[in-house]
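For reference, the structure discussed in these notes is given below.
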Protein chains: 4
Amino acid sequence: MTLGMTLSTAEAITSAALEKAVELKLKPLTVAILDAGGHAVLVKRQDGSSIMRPQIAAGKAIGALAVGTGTRWLNANAESRPHFVNALNGVSGGAIVPVPGGVLIKGESGETLGAVGITGDTSDNDEACAVAGIVAAGLVADCG
Amino acid sequence: MTLGMTLSTAEAITSAALEKAVELKLKPLTVAILDAGGHAVLVKRQDGSSIMRPQIAAGKAIGALAVGTGTRWLNANAESRPHFVNALNGVSGGAIVPVPGGVLIKGESGETLGAVGITGDTSDNDEACAVAGIVAAGLVADCG
Amino acid sequence: MTLGMTLSTAEAITSAALEKAVELKLKPLTVAILDAGGHAVLVKRQDGSSIMRPQIAAGKAIGALAVGTGTRWLNANAESRPHFVNALNGVSGGAIVPVPGGVLIKGESGETLGAVGITGDTSDNDEACAVAGIVAAGLVADCG
Amino acid sequence: MTLGMTLSTAEAITSAALEKAVELKLKPLTVAILDAGGHAVLVKRQDGSSIMRPQIAAGKAIGALAVGTGTRWLNANAESRPHFVNALNGVSGGAIVPVPGGVLIKGESGETLGAVGITGDTSDNDEACAVAGIVAAGLVADCG
């Protein structure tokens, strides 16, 4: 029932993402890995990451799954047609966070395996860690 | 801001809880560790654990924190005065799962550090794993 | 707009209620004082009172105001006709806690000035403190 | 479980904040002090402060805790990237009020102890009172 995403793969993505954060000297992060059905497989909040970060991280990941591409696409849409992103917020029950850092996780043949959402530093840095984690696990990142 | 509960302690509790599950040959589990303020520090869903398990695990942990003792106490109250437990569900926005398996994590001097919620097998087995994890980390378990 | 209940009266009720708790050697309490419109005037959570106590205390007080008498009446109704109390929970958006400890605050001529809700010890002890606070402020307590 | 914030410290912050309001001749205020986990420790609504002020005050304080800095930062973000602040509102269940007046309370070593939210006058004046209260208690204010 962990659709396309095993706990061990989620652990590998998360560890590599957090190593990248150390390398880039980022602020404390929170990482959420969701399976292809949008359900949490792994959530980690580093010491000092603020209290609502788990919801923000999951909101980025669910945003990516909601539209089938990374949240950089949603961020652009929030500027070009905000009424669409507002509506997505509505139909999702307020679950989506449309800023970079939600990245779709794909297999070699292009199938969606899940998504990772990271938050805590700038959106660009959050996304860089997500991509590093996905690539380290031998998978394909779709940032949007 | 991971109040009273570091990520490394949460990892230690979770690992020991899942080892206990292997020993007891339980079904796939989901573990949620919340800090003392009720915010997720670590969530792990094992392969094959069903999709709403993260919410159930967190709901047991938040239930323990809400009333200041493990959810075995809430389970007993649900039988003796169901209107109180129904009301708790209401004031918490439906966040509480009042069955055994939500265990308060206390330090040596009795201070609350957080709570663990486990779900996937019987409530008694879920709770046994939670206690095993807390004890392995050198902390004190309050089952209610 | 603090209908019938000034902050200074709320402070007086709360102080006397918490002095009663010291005298009875109760566990840490949370006190909520609402005005006659059901809006908070004063909320105090003592050190060690668990995290959802503010909602529980307010839920007792709003329950008293909802039906125009103390929550001891709601507690009895929860046993004699649970469907009514369930329905009250529904129409209130889950805001009501129907156990003793929510006490209506009345003036000398019988007018409702507000309500106090207390939680943290047994419901009977919570209610005893609420009554002590109201009486000390020269007002009339209606427990239901 | 009043994480990082005792009731006596909350009383000291609130008293000093309300003295500042007298000095500045402000309108009636409502003050909410939350612990580091976002749970109310003390709420005071002055006579004449309107009925939804407790939720607004708490919404400023929870906003500060959610992102780990004062709500002046959220106010700036609401202008530069409104879709992010809208999303925060969604993932928080509508709990956040992103205007100045929610100030993080930190200890000498930089650890977060809680947050204060004040509302009733202009946002700038609300914030000035919050800072005055925190400083009077010997703590460090982070306005964002």
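None of these values were measured; they are calculated from a predicted model. Lettering of chains follows the sequences in order, A, B, ..., and the numbering in each one begins at 1.
Across every non-hydrogen atom of B:Ala87 and C:Ile96, the tightest pair is CB-O, 3.4 Å. Contact record, C:Ala95 with B:Val91: O-CG1, 3.9 Å, taken as the closest heavy-atom pair.
Distance check, rounded to the nearest 0.5 Å: NE2 of B:His83 to CG of C:Asn89 gives 11.0 Å. In this structure, C:Met52 CE and B:Leu88 CG are separated by 7.5 Å, a value rounded to the nearest 0.5 Å.
Looking at C:Ser123, only its side chain comes within 4.5 Å of chain B, counting heavy atoms on both sides.
Between C:Gln55 and B:Ser92, every side-chain heavy-atom pair lies at or beyond the 4.5 Å cut-off. Contact annotation: the side chain of C:Val85 never approaches that of B:Asn86 to less than 4.5 Å [non-hydrogen atoms, C-beta and beyond]. Contact of the B:Arg81 side chain with the C:Pro98 side chain is not registered, since no non-hydrogen atoms from C-beta on lie closer than 4.5 Å.
Of the listed residues B:Gly93, B:Gly90, B:Pro82, the one with more heavy-atom pairs under 4.5 angstrom with chain C than any other is B:Gly90.
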